[in-house]
J.: 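My structure is below; once you've seen it, I'll send some questions.
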Amino acid sequence: MSEILPIHAAFAAHVNDALDRLETAGTLPIDSSRKNVTVEPPRDPSHGDLSTNAAMVLAKQAKTNPRELAQALVSELGKVPTIESTEIAGPGFINLRIADAAWRDEIRVIAEQGDAYGRSAMGGGAVVNVEYVSANPTGPMHMGHCRGAVVGDALASLLEFAGHDVVREYYVNDAGGQVDVLARSVHLRYLQALGRDTGAIPEGLYPGDYLIPVGEALATELGDRFTDEPEAEWLPVFRAHSVDAMMGLIKADLALLGIHHDLFSSEAALQAAGKPEAAEVWLRKHDLVYDGVLEAPKGKAPPEDWEAVELPLFRSTKFGDDQDRPIKKSDGKWTYFGADLAYHMQKAEKADALIDIWGADHAGTVKRIKAAVAALAEGEDKTIPFDVKLVQMVQLMRDGEPLKMSKRSGNFITLAEMVEEVGKDVVRFTMLTRKPEAQMEFDFAKVVEASKDNPVFYVQYAHARVFSTLRKAAEEGLKPDIAGIDLLGSAELAMVQQAAQFPRIVEAAAQAREPHRIAFFLYDLAGAFHSYWNAGNDDPQKRFIVSQNDALTGGRLFLATQIGQVIRNGLALLGVKAVEEL
RNA sequence: GCGCCCGUAGCUCAGUCGGAUAGAGCAUCAGAUUCCUAAUCUGGAGGCCACAGGUUCGAAUCCUGUCGGGCGCACCA
């Protein structure tokens, strides 16, 4: 027990030790299952500092009633010196009151651990691959990509902080038909750059102006080599150049949000390496791919040109999908799914767990890709934890009115425009103040208001206040002093209790893969700080800087510094700047 | 027709792998500024947790059904 544990972890350990002793004493059966035992702060503070449901959960296993077991547990917990009082309540909750000294110690723990406070070894170094964004390389990023990008990035940071070895991956869909369209669109711009009159941009090509510089660059680089050649001559060249250029745009857009991937995996490269073929061989060997004919689509409007063709089909129905899915098209090329299946197999080789962040419009393909990973796991006789997080649509609003967006008319808001208008921190924080699977509204007017309706400023302001206080104190020759924390009273320690939840919030959020919990925690902590601060308006004795009392001031400044530290650690996970001044 | 997600205060949303009297912000009402930034704080009012069944010591939370909103339902990506 030489290792310093954050306070909640320490008390969870105390409860666990007590249960161990009950096992030894025969009160509990050996190896009782404790997976539902929780040790957490009760909703109602009058119930104490911490509460455990252990007696209720384990009563059945102990073949006794909850209150009786609680009694036994309480007498064990009474031996822990930092537990000041225990109480059995309701159906068998055990409420614990913790000595002030333990909360004071937590301030020291925060100070000692600094930027590492809240970090957890929970992940055990497991390699987790988080694939997010993966926007098609056909243009700059628009608003629709934004939420998934932020959620994926924050989740990756969170998992890292919770002890996982995270790979941030971007899947580049550079092999499909839309890349041919891109290449043709760029070729047109190339001809224009060389002074050709191309007329209006034909239907079906990308009309965006962002392709003009790409065409110009190619004109400069290639001269007029490809002006009158047949398409087959120039298409591969233009495809490669265009994808590079688009990925450049996308990376620049992502950088505006502070997002950087570790790995960009190319679909074309995957195919060139023969991965889909290898996957097909493996699947056929396990009788998971067969040649068959699909039923006619049951959608509202069956395509007129639909006809029954025999295709290689993956048995996704065996793993819960609604129908088997083709991995190759009738022209012999791989379907998107066929390549994606091979891609996930490739990812699974190098990771202990996979997470995909997708837009809600891909919800229909979740089952098949989960089926693919399940098939691989079964065939290889191992478990491959695989989560697909669906991020719901964002409804953009301006002054309470929905903004209509249409990709075809080119009337869509780009990510860059959005970041420029409201700023990176606002975009990131706002996207993280909703659980991702719920739809959300994003109102430009409200979000730039920089005040009331805007949690990001509220949290940043709390952090800034810590620093403004320290600056003010420094002018008077005062500075934080750890010796002063023994003088802190219950109002200050209440704030510590709130901040001390950070480590367990990190673990819970990482486990649930829900970075938004960090955002809400920060909002609450900032609220506690503002509230404490304001008490000083009425009573000068409650300010951080107390005149004529340098010792208490030192203690309070030390506390403020540590609250700032926790806010900073949380904001770092969200990728939001912890400003020292507003 | 089928699948997935959502439905909590007037509005925007939290709600800890089922826990004690369901929370916050906005809006609204009543207050606080010779003060370390009031971009803040204190208090009031506001709830059939969409609806109906079920599971159990206990359900906003899990299961079934209904209604409402969103997204999908190609050999596209």
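Residue numbering restarts at 1 for every chain, and letters A, B, ... go by the order of the sequence lines. Just so we're clear, the structure is a prediction, and the values are computed from it rather than from any experiment.
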J.: So what does A/A508 touch, heavy atoms closer than 4.0 Å: a base, only the sugar-phosphate, or nothing?
T.: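 Touches nothing.
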J.: My understanding is that only residues two or more places apart in sequence, or in another chain, count here; which of them pass ring-ring contact (aromatic ring centres under 6.0 Å, His included) with A/F161?
T.: none
J.: Represent RNA chain B in dot-bracket notation, 5' to 3'. Only Watson-Crick or G-U wobble pairs with both distances under 3.5 Å count; pseudoknot-style crossings use [ ] and interstrand partners use |.
T.: (((((((..((((.....[...)))).(((((.......))))).....(((((..]....))))))))))))....
J.: Do A/S51 and B/A20 share a donor-acceptor pair, side chain to base, under 3.5 Å?
T.: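 Looking at the base of B/A20, it does pair with a donor or acceptor on the side chain of A/S51 (distance under 3.5 Å).
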J.: When only distance counts, do a donor and an acceptor, one from the side chain of A/N95 and one from the base of B/A20, lie under 3.5 Å apart?
T.: yes
J.: Under the salt bridge (charged side-chain N to carboxylate O under 4.0 Å, His left out) test, which residues partner A/K328, sequence neighbours left out?
T.: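 Checked A/K328 against salt bridge (charged side-chain N to carboxylate O under 4.0 Å, His left out); matches are A/E280.
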J.: Just checking A/K329: does its NZ atom have more than 12 heavy atoms from other residues, nucleotides or ligands closer to it than 6.0 angstrom?
T.: yes
J.: Could you list the donor-acceptor pairs under 3.5 angstrom formed by side chains in residues 311-321 of chain A, with sequence neighbours left out?
T.:
| residue | atom | partner | partner atom | Å |
| --- | --- | --- | --- | --- |
| A/R315 | NE | A/D287 | O | 2.9 |
| A/R315 | NH2 | A/D287 | OD1 | 3.3 |
| A/S316 | OG | A/D321 | OD2 | 3.1 |
| A/S316 | OG | A/Q323 | O | 2.9 |
| A/T317 | OG1 | A/D324 | OD1 | 2.7 |
| A/D321 | OD1 | A/R325 | NH2 | 3.3 |
| A/D321 | OD2 | A/R325 | NE | 2.8 |

J.: I'd like to check the side-chain contact (heavy atoms from CB on, under 4.5 Å) partners of A/H362; sequence neighbours left out, ordered by chain and number.
T.: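 Per chain and number, A/H362 pairs via side-chain contact (heavy atoms from CB on, under 4.5 Å) with A/W358, A/T365.
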J.: What pairs with A/A175 under side-chain contact (heavy atoms from CB on, under 4.5 Å), at least two apart in sequence or on another chain?
T.: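 A/A175 satisfies side-chain contact (heavy atoms from CB on, under 4.5 Å) with A/E267, A/A268, A/Q271 once adjacent residues are dropped.
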J.: List the residues meeting ring-ring contact (aromatic ring centres under 6.0 Å, His included) with A/F544, not counting sequence neighbours, and say none if there are none.
T.: A/F529, A/Y532
J.: For A/A510, check side-chain contact (heavy atoms from CB on, under 4.5 Å) against everything at least two apart and list the hits.
T.: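 With neighbours one apart ignored, the set is A/M122, A/L158, A/L159, A/A162.
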J.: If you look only at distance, which donor and acceptor atoms sit under 3.5 Å apart when one is on a side chain in residues 336-344 of chain A and the other is two or more places apart or in another chain?
T.:
| residue | atom | partner | partner atom | Å |
| --- | --- | --- | --- | --- |
| A/D340 | OD1 | A/H344 | ND1 | 3.4 |
| A/Y343 | OH | A/E169 | OE2 | 2.8 |
| A/H344 | ND1 | A/D340 | O | 3.0 |
| A/H344 | NE2 | A/D356 | OD2 | 2.5 |

J.: For A/Q392, which residues count as a side-chain contact (heavy atoms from CB on, under 4.5 Å) partner, sequence neighbours excluded?
T.: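 Testing A/Q392 for side-chain contact (heavy atoms from CB on, under 4.5 Å), a comparison that skips the adjacent residues, returns A/R147, A/A360, A/Q439.
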J.: Any N/O pairs under 3.5 Å between the protein and nucleotides 10-14 of chain B? List them or say none.
T.:
| residue | atom | partner | partner atom | Å |
| --- | --- | --- | --- | --- |
| B/U12 | O2' | A/R434 | NH2 | 2.8 |
| B/C13 | OP1 | A/Q439 | O | 3.4 |
| B/C13 | OP1 | A/E441 | N | 3.3 |
| B/C13 | O5' | A/R434 | NE | 3.1 |
| B/A14 | OP1 | A/K435 | N | 2.5 |

J.: Would you give a per-nucleotide map of nucleotides 55-64 of chain B, 5' to 3', where B means the base has a protein non-hydrogen atom under 4.0 Å away, S means only the sugar-phosphate does, and - means neither?
T.: -----B----
